[in-house]
Amino acid sequence: MAASAYEATGGAVPDWLNKGDNAWQMISATLVGLQSVPGLVILYGSIVKKKWAVNSAFMALYAFAAVVLCWVSWAYKMSFGDKLLPFWGKAGPALGQKFLLKHAALPESTQHHADGSIETPMAMPFYPMATMVWFQCVFAAITLILLAGSVLGMRMNFKAWMMFVPLWLTFSYTVGAFSLWGGGFLFHWGVMDYSGGYVIHLSSGIAGFTTAYWVGPRVKKDRERFPPNNVLLTLAGAGLLWMGWAGFNGGDPYAANTDSSMAVLNTNICAATSLLVWTWLDVIFFNKPSVIGAVQGMITGLVCITPAAGLVQGWAAVVMGVLSGSVPWFTMMIVDKRWRLLTVVDDTLGVVHTHAVAGYLGGILTGIFAEPQLCALFLPVTNSRGVVYGGIQVFKQIVGGLFIIGWNIVVTSIICVAIRFVIIPLRMPEEQLLIGDDAVHGEEAYALWGDGELYDETKHDKHYSDDASQGKFASSGATQVV
């Protein structure tokens with residue numbers, strides 16, 4: 001029986017199955033999944049104030065689980081199924097054996113010339129639909145988790161978050177995914193988004209910022225002082241995010257091919273360059289190399305290269321790294337403190353800078369540096385090329401980005417208003433905001449003293465003891481800090 005798994009035809013190994021492509025695609029999906037769980041769960045739980053560690057980590061974990069169920073129930077086919085509208089697919093389940101074991105295909109991906117002849121045939125990777133469904137699922141999940149970074153610390157009612165996740169996935173994410181990847185109007189027009197600079201990062205950054213506007217800011221003392229509770233764990237989460245990006249960008253050719261290799265190398269070149277540039281800017285202007293700043297620079301580099309990963313040459317990845325380490329740094333460190341809108345809206349982790357600015361920047365730079373031969377390996381529209389090679393692609397990139405921005409502002413606002421005024425308050429009660437995890441979940445991350453503080457009996461309960469016999473004077477986490 002064991003030998004039959006290696007036969008060329010029949011049973012579990014149909015003629016169209018390429019075992020190498022299938023293995024790489026499932027590995028890529030697993031790497032992207034690890035970026036979220038445990039990557040962003042660890043990063044979110046450690047980069048926030050101690051009293052919000054549990055809540056922040058749990059927002060990420062809950063979103064991942066909720067997206068998986070919604071994705072296979074209806075959202076996959078809205079993103080990659082048959083066309084309902086030029087920007088939306090028809091909803092339907094992706095749960096049956098007959099569907100999941102057949103040859104993978106994106107039914108709306110056939111590209112035609114103006115005369116009706118086929119320019120590029122339908123995308124049909126050499127593995128089953130089950131692999132495609134799971135690969136695209138982890139991308140959808142990480143988008144919601146990235147969005148959550150704007151409202152950590154935790155102003156958003158967790159019950160409201162439980163409702164927000166399926167609504168935003170259904171009415172926002174699926175539109176961007178179908179329009180740019182699944183065979184929608186931007187896909188056929190030739191807008192380039194190799195791995196999600198627009199579908200994932202631009203949309204999560206804009207939607208996160210919009211959600212933060214409707215939820216409102218953190219309480220004053222949290223906004224004034226919000227130290228990470230564990231910088232080393234933040235680095236661990238960031239490391240998982242970086243290494244997992246090999247699957248994020250390397251899996252998008254839908255095959256283990258030469259373009260996949262190019263995408264992985266470019267990803268690491270841009271991320272490393274961006275981290276270094278961000279750190280240099282911190283040293284030049286603030287005289288201190290910041291670990292959290294380096295993490296931000298790493299993220300902006302990864303985000304910026306995402307729409308271009310397999311479409312540009314290595315030298316362009318370096319240029320993009322320099323710009324992704326400096327432009328978002330400028331918007332976060334300078335513009336954020338001077339533009340009233342950015343100071344009023346409390347975007348906890350600066351997702352609008354690290355994902356929206358970096359993602360849109362990457363999309364525009366793709367339109368400048370996209371190399372024709374590399375484009376021919378991946379894109380449905382033949383003869384696509386960047387400005388450097390005599391093309392007009394940058395115009396399409398700007399328009400495509402504006403569509404994603406506009407859609408997310410409108411739809412995210414409608415969802416937030418609907419939840420807030422029709423169903424349940426968006427914002428957590430003020431008494432819970434003052435206390436944190438202990439009040440919301442009845443759980444705390446650490447049995448330690450307050451955020452960034454050493455024990456001082458002039459400030460803290462001098463009767464504190466690990467001995468439970470001390471009754472009411474025993475530690476109760478965040479509530480012990482007066």
Side-chain angles (χ1 to χ4, degrees), residues 32 36 63 67 70-71 74-91 106 108-109 123 132-133 135-150 164-211 248-249 252 303-304 306-309 351-352 355-364 366-367 379-380 396-416:
V32 178
S36 296
V67 168
C70 296
W71 190 251
W74 68 81
Y76 171 78
K77 288 189 177 180
M78 294 180 74
S79 304
F80 296 95
D82 296 318
K83 183 172 74 172
L84 175 66
L85 296 169
F87 53 85
W88 226 353
K90 295 179 182 177
L106 302 183
E108 300 296 334
S109 61
M132 177 65 78
V133 170
F135 177 74
Q136 297 297 349
C137 178
V138 290
F139 279 82
I142 200 172
T143 308
L144 265 299
I145 295 171
L146 294 172
L147 186 160
S150 292
F164 180 91
V165 170
L167 289 172
W168 192 87
L169 174 71
T170 302
F171 295 104
S172 186
Y173 181 82
T174 58
V175 169
F178 185 82
S179 297
L180 281 156
W181 288 344
F185 75 107
L186 294 176
F187 174 91
H188 289 297
W189 190 40
V191 177
M192 300 177 182
D193 189 8
Y194 191 88
S195 290
Y198 286 178
V199 175
I200 294 172
H201 300 293
L202 182 57
S203 66
S204 63
I206 295 299
F209 188 79
T210 305
T211 305
F248 199 105
N249 288 348
D252 266 295
V303 170
C304 186
T306 292
V351 178
V352 72
H355 293 275
V357 172
Y360 201 14
L361 174 67
I364 292 171
T366 303
L379 296 172
K396 294 182 179 182
Q397 298 302 109
I398 292 170
V399 173
L402 289 175
F403 171 77
I404 295 296
I405 292 170
W407 185 269
N408 277 279
I409 291 173
V410 173
V411 172
T412 305
S413 294
I414 292 172
I415 292 171
C416 288

query: Taking the side chain as C-beta and beyond, is there a heavy-atom pair between Trp71 and Ser79 under 4.5 Å?
result: yes

Pairwise side-chain contact, Leu146 with Ile200, heavy-atom cut-off 4.5 Å (strictly under) = yes

Check: Asp82 and Lys77 side chains under 4.5 Å, non-hydrogen atoms: no

The reported gap from OG1 in Thr210 to CD1 in Ile415 (rounded to nearest 0.5 angstrom) is 10.5 Å

Please check this pair: side chain of Tyr198 against backbone of Met192, looking for a donor-acceptor N/O pair closer than 3.5 Å. no

What one should report as the nearest heavy-atom pair of Val199 and Thr143 is O-CG2, 4.3 Å

Of all heavy-atom pairs linking Ala75 and Leu169, the shortest is CB-CD2, 3.9 Å

Please tell me if the side chains of Phe171 and Ile414 come closer than 4.5 Å, counting only heavy atoms from C-beta onward.
no

ask   = Are any of the side-chain heavy atoms of Ile142 and Val138 separated by less than 4.5 Å?
value = no

(message) Treating Gln397 as the side-chain partner and Gly367 as the backbone partner, does any N or O pair qualify as donor plus acceptor under 3.5 Å?
(response) no

OH (Tyr173) and CE (Met78) are apart, to the nearest 0.5 Å, by 13.0 Å

To the nearest 0.5 Å, atom CG of Leu84 lies from atom OG1 of Thr174 at 10.0 Å

Over 60° means perpendicular and under 30° means parallel, so tell me whether Phe248 and Phe139 are parallel, tilted or perpendicular. tilted

Interatomic distance, CH2@Trp181 vs CD@Gln136, rounded to 0.5 Å, equals 6.0 Å

### Criterion side chain to side chain donor-acceptor pair (under 3.5 Å) on Trp74 and Thr170, from CA distance to verdict
CA-CA 8 Å; Trp74 68 81; Thr170 302; 2.9 Å; yes

In this structure, OG of Ser172 is separated from CZ of Phe164 (nearest 0.5 Å) by 8.0 Å

Counting C-beta onward and ignoring hydrogens, is there a side-chain heavy-atom pair between Thr211 and Ser150 closer than 4.5 Å?
no

For Ser109 and Phe187 the tightest heavy-atom approach is O-CE2, 3.6 Å

- Query: Any side-chain donor-acceptor pair under 3.5 Å between Ser195 and Asn249?
  - Reply: yes

Check: Judged by atom type as modelled, is there a donor-acceptor pair below 3.5 Å linking the side chain of Lys396 to the main-chain atoms of Trp189?
Finding: yes

side-chain contact (heavy atoms from CB on, under 4.5 Å) test vs Phe403 passes for just one of Val175, Asn408, Val191, namely Val175

Closest non-hydrogen contact found for Gly359 with His201 is CA-CB, 4.5 Å

Tightest non-hydrogen contact, residues Ala207 and Leu147, listed as CB-CD1, 3.5 Å

So do the side chains of Asp252 and Phe135 get within less than 4.5 Å of each other, counting heavy atoms only? yes

Separation between CG (Leu180) and OH (Tyr194), nearest 0.5 Å, reads 15.5 Å

When every non-hydrogen atom of Gly197 is compared with those of Pro307, the smallest separation belongs to CA-CD, 3.7 Å

Taking the side chain as every heavy atom from C-beta outward, state whether Trp168 and Val67 have any pair of such atoms under 4.5 Å apart. no

